[in-house]
Amino acid sequence: MDFRKILPLCLVIGGLIFSTHSCKKEEEPAEEEPSTNIDASKDYAVSETAFNDVYAIVSEIAQNENDLKSTYFFGNCAAITISPSLPDTTFPKTVTIDFGNSCVGLDGKTRSGTVTATFSGRYRDSSTVINVTPNYTVNGYTLTGSKTITNEGRNNLQQSYFSIVVNGTVTHPNGNSSTWTSNRTRTWIEGENTTFLSHGWTGITDDVYEISGTGSGVTQNGLAYTANISTPLIIYVNCRWIVEGVLEITPNGLATRSIDYGVRADGCDNNATVSVNNLSFPIQLN
């Protein structure tokens, strides 16, 4: 089994300001408050990171099945059960990770609640389907819904890749909720040849994934939108933020805005740039 990535489900764009010109035959594009553009895109980025966390948890467990007592993402404070239990090799297997009321991982994130995943086969095996049900909170954001991960085999570069379908809800610390549906392809571009058994923790934390695809959702303020990854997103397993790529978000009736995560050569950081209507603003991701 193999369980550890980070990256998701995506949601949120909120708080946009309109101006209306009723005396003109053709309405001009609505003007938007610059600070609102930053807040909307940042909110979306937080949701993206939170649902990627679900993948990271599942992939780590799947790959680290022989040492479930201590894990990179949640240290020693999560209770992990597998049914049928090891060393039984029967599938399907159901894995439950219970974080209790508060579990601080080695990655610095605070989690609570449960994540349940049912595996039709081993994570690395072609055609394996993993159905994930999160009912847990990470850094104050509560995730519910479903995430389906399918191992699609290898591409023409002999890299393993996975299709990921998400139907989820994020409840924010302020109590508001947003929804998100996405279809993604996640390609394992580095680290596939190393495992926990062969290289210890390095065999897990050296993994790098490339993500492409589309999505749609409704923000916590009730605004519908679509999302498209225009430049593939790059995720390091040992970094809590996206390190490269461009994501475009188009709220209904408003201009497309993009989130540029920079380039991976800059390393692991929380810096990104939001652009809309020929204006750009730096943001820092949570």
Side-chain angles (χ1 to χ4, degrees), residues 7-52 140-145 147 164-185 211-235 241-263 270-286:
L7 311 256
L9 267 190
C10 306
L11 294 107
V12 196
I13 306 204
L16 301 170
I17 298 177
F18 297 72
S19 63
T20 326
H21 304 280
S22 58
C23 297
K24 297 185 178 181
K25 289 185 178 180
E26 295 183 4
E27 265 191 355
E28 296 176 359
E31 296 180 359
E32 303 178 48
E33 178 66 32
S35 61
T36 301
N37 293 327
I38 295 176
D39 292 343
S41 298
K42 187 174 181 179
D43 201 17
Y44 175 96
V46 166
S47 298
E48 172 80 19
T49 300
F51 270 101
N52 280 332
Y141 294 85
T142 299
L143 311 183
T144 57
K147 187 167 193 169
I164 301 175
V165 178
V166 173
N167 288 281
T169 298
V170 173
T171 301
H172 298 255
N174 61 10
N176 295 334
S177 296
S178 54
T179 61
W180 171 250
T181 300
S182 69
N183 288 275
R184 301 288 181 86
T185 298
I211 300 175
S212 59
T214 60
S216 61
V218 179
T219 74
Q220 57 182 312
N221 293 321
L223 181 65
Y225 66 95
T226 59
N228 177 62
I229 298 173
S230 57
T231 301
L233 306 181
I234 303 297
I235 295 176
W241 301 287
I242 298 168
V243 298
E244 182 174 300
V246 179
L247 182 88
E248 295 181 339
I249 303 169
T250 307
N252 281 358
L254 296 175
T256 297
R257 64 284 326 275
S258 65
I259 306 174
D260 187 341
Y261 295 95
V263 295
N270 65 338
N271 298 319
T273 301
V274 176
S275 299
V276 61
N277 291 332
N278 298 317
L279 298 174
S280 295
F281 312 93
I283 64 172
Q284 289 189 321
L285 307 173
N286 290 338

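- The two residues His172 and Val170 come nearest to each other via the heavy atoms CD2-O, 3.5 Å.
- To the nearest 0.5 Å, atom CD of residue Gln220 and atom OG1 of residue Thr179 are 11.5 Å apart.
- The side-chain contact (heavy atoms from CB on, under 4.5 Å) search around Ser280 returns Thr273, Ser275, not counting sequence neighbours.
- For the pair Thr219 (side chain) and Asn221 (backbone), a donor-acceptor distance under 3.5 Å is present.
- For the atom pair CG of Leu254 and CD1 of Ile249, the computed distance is 12.0 Å after rounding to the nearest 0.5 Å.
- The structure places CH2 of Trp241 at 9.0 Å from CD of Gln284, a figure rounded to the nearest 0.5 Å.
- Remark: Asn278 pairs with no residue by the side-chain hydrogen bond (donor to acceptor under 3.5 Å, both in side chains) rule, at least two apart or across chains.
- Looking at Arg184, its side chain never comes within 3.5 Å of a backbone N or O of Ser182 through a donor-acceptor pair.
- To the nearest 0.5 Å, atoms OG1 (Thr226) and CG (Asn252) are separated by 7.5 Å.
- For the side-chain hydrogen bond (donor to acceptor under 3.5 Å, both in side chains) test, residues two or more places apart in sequence or in another chain that qualify with Thr171 are Ser177.
- The side-chain contact (heavy atoms from CB on, under 4.5 Å) test applied to Glu244 returns Ile234, Val263, Arg264, not counting sequence neighbours.
- Pairing each heavy atom of Leu233 with each of Val246, the nearest pair is CD2-N, 3.8 Å.
- Between the CD1 atom of Ile229 and the CG atom of Leu247 there is a distance of 6.0 Å, given to the nearest 0.5 Å.
- Partners of Thr214 by side-chain contact (heavy atoms from CB on, under 4.5 Å), not counting sequence neighbours, listed by chain and number: Asn228.
- Checked by atom type and distance alone, the side chain of Asn277 never pairs as donor or acceptor with a backbone atom of Leu279 at under 3.5 Å.
- The line from CD1 of Ile242 to CD1 of Ile259 is 8.0 Å long, rounded to the nearest 0.5 Å.
- Among all heavy-atom pairs drawn from Tyr225 and Val218, the shortest one is CE2-N, 3.7 Å.
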